[in-house]
Amino acid sequence: MLVVFLVLATGVLATESVDRIEARAQQLMSLDPPDWQGAYEHFEQAATLGSLSAASYLGWMYEHGHGVEVDHEAAADWYRLVAEGGAHDYAVKLGWMYMGGSQLKADRALAEQWFGRAIDAGYLPAHVALASVIVADALGGTGAERVNEARALLETALEGEVALAAFFLARIHVEGIGGHPTDAALGAKYTRISAENGQALMQGWLARMYLEGKGVEPDRMEAAFWAALAASGGDPLGRQLHAALIESMSDEERQLVMTRTMRWALERR
């Protein structure tokens, strides 16, 4: 019993020690000016004791040059430690670092390996990350045979309520990316989900769908409402449609659209 107690007590003290070390590092960063060197030393000590959050801070310091020279390889080493510890968002971050080529030497296979690691762990944003890469490839004229893979990844992510997945699903079904069959009804379904999530581009698309009756029943008032939202979000198509629709409306119809648009915006603050 004494041995068990000592082991448990040692674990508690170590945890408290790590917490205190990290808290001190945070305090040093909050100084004006920050004590980056002191913060680095404390984070390094906490990371050595097993703190993944401290390791992520060290990666961030190397990535952005806080208290150390910018060193993306060193940043990736710390992020790798965090990702291997089960922080799947850092696996996705590493995927983007290797995919982009601006921070690390571009390595498509390694990027997909990190995305895949997070996907296998059930981390749904990783599904969207890899799918978006596949969609970009297809738009650029390569890898069209993988569009169905992207669609499946996105459908899984959307089932898990990752709303961004609807944006890419809408594009696949409306634009027929990579030779994928177009489907007006599914395109409208996913466009609406994305529009309701605040995507100005998709709000403009939905406005046009209601105006032209593509995948939905034609509805000029619905078109005007979504066009108004898209226009307020800076979407060029939304601005064009909104100007044309408002011009053709009665004062009463304009007031109805304005009231609904304002209510929608207020409800989502």
Side-chain angles (χ1 to χ4, degrees), residues 124-125 127-129 131-142 144 147-148 150-269:
L124 295 179
H127 290 62
V128 180
S132 71
V133 170
I134 295 171
V135 168
D137 286 344
L139 286 169
T142 62
V147 170
N148 285 334
R151 191 199 68 237
L153 287 167
L154 293 165
E155 288 171 347
T156 299
L158 189 59
E159 286 172 6
E161 299 184 353
V162 180
L164 181 58
F167 174 86
F168 294 104
L169 283 167
R171 296 198 62 183
I172 288 172
H173 287 287
V174 172
E175 298 179 89
I177 293 171
H180 189 282
T182 58
D183 187 314
L186 281 176
K189 170 188 171 181
Y190 293 127
T191 298
R192 186 176 189 96
I193 293 171
S194 190
E196 290 176 344
N197 194 49
Q199 285 278 352
L201 174 65
M202 293 290 104
Q203 290 168 346
W205 278 26
L206 191 56
R208 182 170 59 189
M209 288 172 177
Y210 274 112
L211 188 62
E212 299 175 354
K214 288 187 177 178
V216 293
E217 288 296 318
D219 189 323
R220 196 167 61 96
M221 292 295 286
E222 277 293 309
F225 166 66
W226 289 108
L229 290 176
S232 67
D235 177 61
L237 174 61
R239 287 175 178 155
Q240 178 185 349
L241 293 176
H242 181 252
L245 285 163
I246 290 298
E247 181 68 24
S248 67
M249 285 181 161
S250 66
D251 289 343
E252 182 181 359
E253 287 174 327
R254 291 192 195 101
Q255 186 60 47
L256 286 171
V257 170
M258 185 187 309
T259 300
R260 185 179 171 193
T261 303
M262 291 177 66
R263 185 183 301 119
W264 191 92
L266 288 171
E267 286 174 352
R268 283 156 180 77
R269 276 188 178 179

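The structure presented is a predicted model; accordingly, all values stated were derived computationally and were not measured.
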Do L154 and Y190 pass the side chain to side chain contact (heavy atoms under 4.5 Å, CB included) test, and can you show the C-alpha distance, the side-chain angles, and the key distance before you say yes or no?
CA-CA 11 Å; L154 293 165; Y190 293 127; over 6 Å; no

Side chain to side chain contact (heavy atoms under 4.5 Å, CB included) between L245 and R220, worked out:
CA-CA 8 Å; L245 285 163; R220 196 167 61 96; 3.6 Å; yes

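Between the CZ atom in F167 and the CG atom in L158 there is a gap of 14.0 Å [rounded to 0.5 Å]. Rounding to the nearest 0.5 Å gives a distance of 5.0 Å between NE2 of H173 and CG of L186. Taking CH2 from W264 and OG1 from T261, the interatomic distance works out to 9.5 Å, rounded to the nearest 0.5 Å. Separating the CG atom in L153 from the OG atom in S132 is a distance of 10.0 Å, to the nearest 0.5 Å. The line from CG of L256 to CD of E252 is 5.5 Å long, rounded to the nearest 0.5 Å. With rounding to the nearest 0.5 angstrom, the OG atom of S248 is 7.5 Å from the CD atom of E253.
Looking at every heavy atom in both residues, M209 comes nearest to V216 through O-CG2, 3.5 Å. The nearest pair of heavy atoms linking V147 to I134 is N-CG2, 4.2 Å. Residues R254 and M249 share a closest heavy-atom pair of NH2-O, 2.9 Å. Contact between A150 and A131 at its shortest, heavy atoms only, is O-CB, 3.7 Å. Between A228 and V257, the shortest heavy-atom distance links the atoms CB-CG1, 4.2 Å. Listed here is the closest heavy atom pair of A170 and T191: CB-OG1, 3.5 Å.
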Taking only distance into account, with no hydrogens and no angle test, what donor-acceptor pairs under 3.5 Å do side-chain atoms of residues 193-200 form with protein atoms, sequence neighbours excluded?
residue	atom	partner	partner atom	Å
E196	OE2	R192	NE	2.9

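Side chains of T259 and R263 form a contact here, defined as non-hydrogen atoms less than 4.5 Å apart. Here the side chains of L139 and I177 are in contact, with some heavy-atom distance below 4.5 Å. Taking the side chain as every heavy atom from C-beta outward, V128 and L124 never approach each other to under 4.5 Å.
A donor-acceptor contact shorter than 3.5 Å is absent between the side chain of R151 and the backbone of L169. Side-chain N or O atoms of T142 include none that pairs as donor or acceptor with a backbone N or O of A138 at under 3.5 Å.
Applying the salt bridge (charged side-chain N to carboxylate O under 4.0 Å, His left out) test to residues at least two apart or on different chains, the pairs with a partner in residues 162-179 are R171-E175. Within the structure, the side chain to side chain donor-acceptor pair (under 3.5 Å) test picks out the following pairs touching residues 224-246 (sequence neighbours left out): E222-W226.
Counting non-hydrogen atoms of other residues, nucleotides and ligands closer than 6.0 Å to CE of M262 gives a total of 12 or fewer.
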